[in-house]
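Each remark here refers to the structure printed beneath this line.
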Number of protein chains: 2
Amino acid sequence: MENTHRSGCPINLTLEVLGDRWSLIIIRDIMFGNRRHYRELLNHSEEGIASNILADRLKRLVENGLLSRRDDPSHRQKAIYSLTEPAIQLVPLFAQMGAWGRRHMPVSDELSIRAELLEEGGPPMWKEFMAELRTLHLDAPAAGPSVLAGLQAAYEEVVARKKAG
Amino acid sequence: MENTHRSGCPINLTLEVLGDRWSLIIIRDIMFGNRRHYRELLNHSEEGIASNILADRLKRLVENGLLSRRDDPSHRQKAIYSLTEPAIQLVPLFAQMGAWGRRHMPVSDELSIRAELLEEGGPPMWKEFMAELRTLHLDAPAAGPSVLAGLQAAYEEVVARKKAG
DNA sequence: AGCAACCGATTGCAAAACGCAAGTGGTTGC
DNA sequence: GCAACCACTTGCGTTTTGCAATCGGTTGCT
């Protein structure tokens, strides 16, 4: 028993694992941006995470069972980070966080379009998205059209429209 | 422009306001435990928050518009903290956090019964609960039976059963 | 074979946040 | 008048964060 918890409350325990300023950012980038390597997470980070923080969080998230890490067969030094089933089940939480942020915080258009679609899609879309994440991260059999591709296309359309207009 | 944000992403902005180990704990205690005074939050804290951290978080949450603070007419020194509408709209987020924690973390029975009921009740119950919170915190007109009382009764029943059994 | 670019981190260091215990100045009830 | 209570604050040692530079190893290109 290395780990002593503050309390057995579900909300507290969730906060003990995910309650900091970076853990969910990293999971978000893996989930919605399909960034699977350390270097991708570091260089494309919208929020500018520091390399030591990223390394620490990846380690903690793997220890806590939210990510898995395996070697990349294409490069002896590369590691591939994947979502685990518990992390995939954070989709509804992300949807609610996005919906709340969109309503109450000064979000930007291009970065909130995905949250908007995810909110409008509701639980059926979340389930579909989770199934897709399982095929990407857990080697589950693929099925149906891609929610991720739809979200990405919508994002790129907003970016393009902003650039044009 | 006092505040510079890491990015305009809704999830990031939500984390900038709520992404620490205490802010949501405090809102949870006000929301589900109806603790409205500093001393109540401090002394009945399941997780043992320190007094300076509590003071700092209350200040920040008021500054960020999640709580409001007003004088208690019954005691010149007492302050009453209330949820604002943005904080009340965190109910679905709490429901998802509780559901996730219950599935993936070592929760205790008596502290997770409320999360279970909130999950089972689904969006209709959340809406009802939010309406009730508005009457408690925003002086909205009261209506219907009390979700909060139901959650509290269920919690106390589990506690009593544990004590007896 | 040599070399630049890239790989996932690690290190050093200063600043900020945290956690604990004690204390502050004031109010209330008896 | 006095103990209990009120919302906080202070001091201080520990931990975490953020930033920049660096590490030893791998890869692709020539």
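Predicted model only: the values in this text are computed from it and were never measured. To find a chain, count down the sequence lines: A is the first, B the second, and so on, and within it residues start at 1. The figures here come from the full heavy-atom set of this structure, side chains too, leaving out hydrogens, waters and symmetry mates.
- Rounded to an integer number of Å, the gap from CG of N43(A) to P of dC7(C) is 8 Å.
- Looking at R36(B), its side chain does come within 3.5 Å of a backbone N or O of Y81(B) through a donor-acceptor pair.
- Here dT15(D) presents its C1' atom at 14 Å from CG of D20(A), a figure rounded to the nearest Å.
- Nucleotide dC18(C) holds its P atom 11 Å from the CZ atom of R6(A), rounded to whole Å.
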Please list, for nucleotides 28-30 of chain C, all pairs of protein and nucleotide N/O atoms separated by less than 3.5 Å.
residue : atom : partner : partner atom : Å
dT28(C) : OP1  : R76(B)  : N            : 2.9

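- Classified by interplanar angle (parallel below 30°, tilted 30° to 60°, perpendicular above 60°), the ring pair F129(B)/F32(B) is tilted.
- One atom, CZ of R60(A), and another, C1' of dA9(C), lie 17 Å apart when rounded to the nearest Å.
- A cation-pi arrangement, defined by a distance under 6.0 Å to the six-membered ring centre and an angle within 45 degrees of its axis, is absent between R28(B) and W22(B).
- A close approach under 4.0 Å does not occur between any side-chain nitrogen or oxygen of W22(B) and OP1 or OP2 of dA17(C).
- Here the shortest heavy-atom pairing between L15(A) and D20(B) reads CD2-O, 4.0 Å.
- Rounded to whole Å, atom P of dA7(D) lies 14 Å from atom CG of L67(B).
- When the side-chain nitrogen and oxygen atoms of R21(A) are compared with OP1 and OP2 of dT16(D), none of them lie within a distance under 4.0 Å.
- Within a 6.0 Å sphere centred on NZ of K127(A), other residues, nucleotides and ligands contribute 12 heavy atoms or fewer.
- Closest approach of Q89(A) to W100(B), counting heavy atoms only: O-CD1, 3.6 Å.
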Extract from the structure each pairing of a protein N or O with an N or O of nucleotides 8-12 of chain D at less than 3.5 Å, listing the distance.
residue : atom : partner : partner atom : Å
dC8(D)  : OP1  : R69(B)  : NH1          : 2.2
dC8(D)  : OP2  : R69(B)  : NH1          : 2.7
dC8(D)  : OP2  : Y81(B)  : OH           : 2.3
dT9(D)  : O4   : S51(B)  : OG           : 2.7

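- With sequence neighbours left out, R161(A) forms a side chain to side chain donor-acceptor pair (under 3.5 Å) with E157(A).
- Formation of a donor-acceptor pair under 3.5 Å by the S7(B) side chain with backbone atoms of E47(A) is not found in this model.
- Between the side chain of H37(A) and the backbone N or O of R39(A) there is no donor-acceptor pair closer than 3.5 Å.
- Whole-Å rounding puts the R57(A) CZ to dT17(D) C1' distance at 8 Å.
- Distance I49(A) CD1 to dA20(D) C1': 16 Å, rounded to the nearest Å.
- Taking atom CZ of R36(B) as the reference point, atom P of dA7(D) lies 13 Å away to the nearest angstrom.
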